[in-house]
Amino acid sequence: MYQAIVFLPLLGAILAGLIAIAGARARCPGEGPPPGLDEGAAASDHGTHAAPAHAAQSHDAHDTHGHEPAAAGSRTAELITTTLLMISMILSWIAFVQVGFGHYDERVPVFTWFLSGDLKVEWSLRIDTLTAVMLVVVNTISGFVHLYSIGYMEEDPYRPRFFAYLSIFTFFMLMLVTADNLVQMYFGWEGVGLASYLLIGFWYHKPEANAAAIKAFVVNRVGDFGFALGIFALFALVGAIDFDTVFAQAPSLTGKTIWFFGWHPDVLTLICLLLFMGAMGKSAQFLLHTWLPDAMEGPTPVSALIHAATMVTAGVFMVARLSPLFELAPNAQSFVIFIGATTAIFAATVGLVQNDIKRIIAYSTCSQLGYMFVAMGCGAYSVGMFHLFTHAFFKALLFLGSGAVILAMHHEQDIRHMGGLKDRIPYTYIVMIIGTLALTGFPLTAGYFSKDAIIEAAFVAKSPMAFYGFICTVGAALLTSFYSWRLIFKTFHGEPHDRKHWKDAHESPMVMLIPLGVLAFGSIMAGLPFKEIFAGHGVEGFFRESLTFAKDNSVLEDMHHVPLQIGILPTVMMAIGFVIAWHFYIRRPDIPVELARQHEVLYKFLLNKWYFDEIYEVIFVRPTKWIGRGLWKGGDGWLIDGFGPDGVSARVLDVTRNVMRLQTGYLYHYAFAMLIGAAAFITYFMFAVH
């Protein structure tokens, strides 16, 4: 069963990929697109990509293929990949019940991957409760995203390629969460990075999509470099990379130091910081967060699958999987809290003023991932996983709901051009309200149980950074409520700002509405029924050996005895945020405009995302380009080409070219040369004899 869960998406990706290749050949038998152009760009040159002006400005203008006919086999590819994902999803829920409640942990060997000296890497599937939770999250969200995409990508002619990318991403994510060793995890880790690059840049005839895909890939490489160093250090010290051996040997590393560029840090602290560096990149944490908002250039289903529910949670899962290491490195845990809390408040402030509907939700994702890392740093690993579990449902719902709004508004994404849509698309309005209630932590929704548990854990944790985490998460709860309701009010309430598209707005097809309904159901029911096993007294019995529960860490117990005022504080913040948003955008919509005018510097600071992109441009991008250009022009061009093989061959050609000029073929030229030679010869001997 477990092999089927993991490899069915791979089978779907292969079949869809073959259909995509066959379709591409059928379009242009015997020839491909012109050199330097992809299929989309080639079609654009023939006028088939004519899009309305506003669609060309939109981030999600998937109708830029115009009326180009769909690739042959598009419907077949959709049905194959979606069916296989649905089967994998059903098996994942069965595994969740068997493993979590039936205490049925298993290690499924597949084959020996490779042997190199002392390094032996087995390809095995590690099936425990932590894996089972991730299997449910990944396959449930992916399955319904596949179903949703059948309707959303209906106009795109390259659907087989899109569905192949979706399924290959799911396979790599499953490889990551079922990994039994660090090398196998790194394989899945890099695989989802590749799939993310392909999906963000799916519309690669758009320069913005290409730039966003490259940015995501490069920023993630920065984090992955640290992750790789952490794996190398563990192997150098332990001599193995499988989790069981590493966890068994980890206590022996306590108190030891290691030489690191003249510095002698605690070895476990250094290793955990390097590993967490990978999590910062993959989960878009503060300083390595800049790629996530730009990744909204990809199709909306990509945003829901990769950048809300699955890939960005890989870092959280990795910290949970390596909890035996982090528990032995309290300083690293404090750093995790600091980064998570800073991300939570930073992303929430930026989300206050964004106008692109998908970017608002993207910054919300950054903020909520920060919450999860605060829980991980506090040692409440199961609570962090609880929020990962609930967040997957309501954030995927919000992204897919925004996709329905974008489709209804003919690919308009600016909420300032919307308004009054609740009367035109009431079903989408209701599910977006449910997702917003869950995100803001309204009582009895999924987010209420998981997010409040994180805030309570931060309040009772003994880490020196815990109180900072508590303050930031409480503040972020207020800001989250404000920007979430701002999105709802400006999109669905008030007067329409674009009456033409408002009149044409209508509900999405049923194949898109069904996933929205299922995710709305999950946004409510993923909370209370699972509270006891994730954040209650049944945690240790449910997770067992898959997570570490330190004997001296009483966070999970103490968080059930917080004062009443602390327990209701997140709900109070949620209510205050709602009231302020209602007052600003329903009762007095002139107030936000006036505030932006009076505090223009602050407004622009937040609108420009704290100027991180501009700062990185000055600190990293320009110097790198300057160095690269210098190495290209000076190193490669002047030095290597000038004095290396190219230079030598060029000088030989120069000499032979000049010698050839002497061979004119005229007799008087040769006679004159002989006369000059004879004169020179006689002159030499005259002076030599003298």
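Predicted, not measured: the structure shown is a model, and the values here were computed from it. Numbers here simply count residues along the sequence, with the first being 1.
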Report the C-alpha separation of L569 and I455 in whole Å, then their side-chain angles, then the decisive distance to 0.1 Å, and conclude whether the side-chain contact (heavy atoms from CB on, under 4.5 Å) test is met. CA-CA 9 Å; L569 187 58; I455 295 175; 5.9 Å; no
Indicate, with yes or no, if the rings of F442 and Y448 have centres closer together than 6.0 Å. no
Using modelled atom types only, decide if a donor and an acceptor are shared between the side chain of R424 and the backbone of K503 within a distance under 3.5 Å. yes
Please check if any side-chain donor atom of T300 sits under 3.5 Å from a side-chain acceptor atom of Y148, or the reverse. no
T140 side chain to V137 main-chain N or O, any donor-acceptor pair under 3.5 Å? no
So does L519 get a backbone contact from the side chain of S523, meaning a donor-acceptor N/O pair under 3.5 Å? yes
Side-chain donor-acceptor contact under 3.5 Å, H387 with Q368: yes
Could you tell me whether F373 and F276 have their ring centroids closer than 6.0 angstrom? yes
Kindly assign one of parallel, tilted or perpendicular to the pair F612 and W610, based on the angle between their ring planes and the thresholds 30° and 60°. parallel
With distance as the sole criterion, is a donor-acceptor pair present between the side chains of T390 and S450 under 3.5 Å? yes
Within the 4.5 Å heavy-atom criterion, are L397 and M432 side-chain neighbours or not? no
Take D613 and K215 through the test salt bridge (Lys or Arg N to Asp or Glu O under 4.0 Å) and record every step on the way to the result. CA-CA 11 Å; D613 284 327; K215 185 176 183 180; 2.8 Å; yes
State the OG-CZ distance between S364 and F399, to the nearest 0.5 angstrom. 8.0 Å
Does a donor on one side chain sit under 3.5 Å from an acceptor on the other, for S463 and S334? yes
Inspect the contact between D356 and R416 and indicate whether a charged nitrogen and a carboxylate oxygen are less than 4.0 angstrom apart. no
Would you say the rings of F386 and F534 are close, in the sense that their centroids are separated by under 6.0 Å? yes
Whether the T290 and Y616 side chains hold a donor-acceptor pair (N or O, under 3.5 Å, no angle test) is what I'd like checked. no
Do we see a donor-acceptor contact under 3.5 Å between the side chains of H561 and E557? yes
Any carboxylate oxygen within less than 4.0 angstrom of a Lys/Arg side-chain nitrogen, looking at D590 and R597? no
Please determine whether side-chain contact (heavy atoms from CB on, under 4.5 Å) holds for the pair V511 and L147, giving the CA-CA distance in whole Å, both sets of side-chain angles, and the decisive distance to 0.1 Å. CA-CA 6 Å; V511 74; L147 182 62; 3.6 Å; yes
Please verify the inter-ring angle class for H289 with F286; under 30° counts as parallel, over 60° as perpendicular, anything in between as tilted. parallel
Can the ring centres of F542 and F96 be said to be less than 6.0 Å apart? yes
Pair D156, W203 - check side-chain hydrogen bond (donor to acceptor under 3.5 Å, both in side chains), show working. CA-CA 10 Å; D156 196 283; W203 291 316; 2.8 Å; yes
Under 6.0 Å between ring centres, would you say that holds for H493 and F489? yes
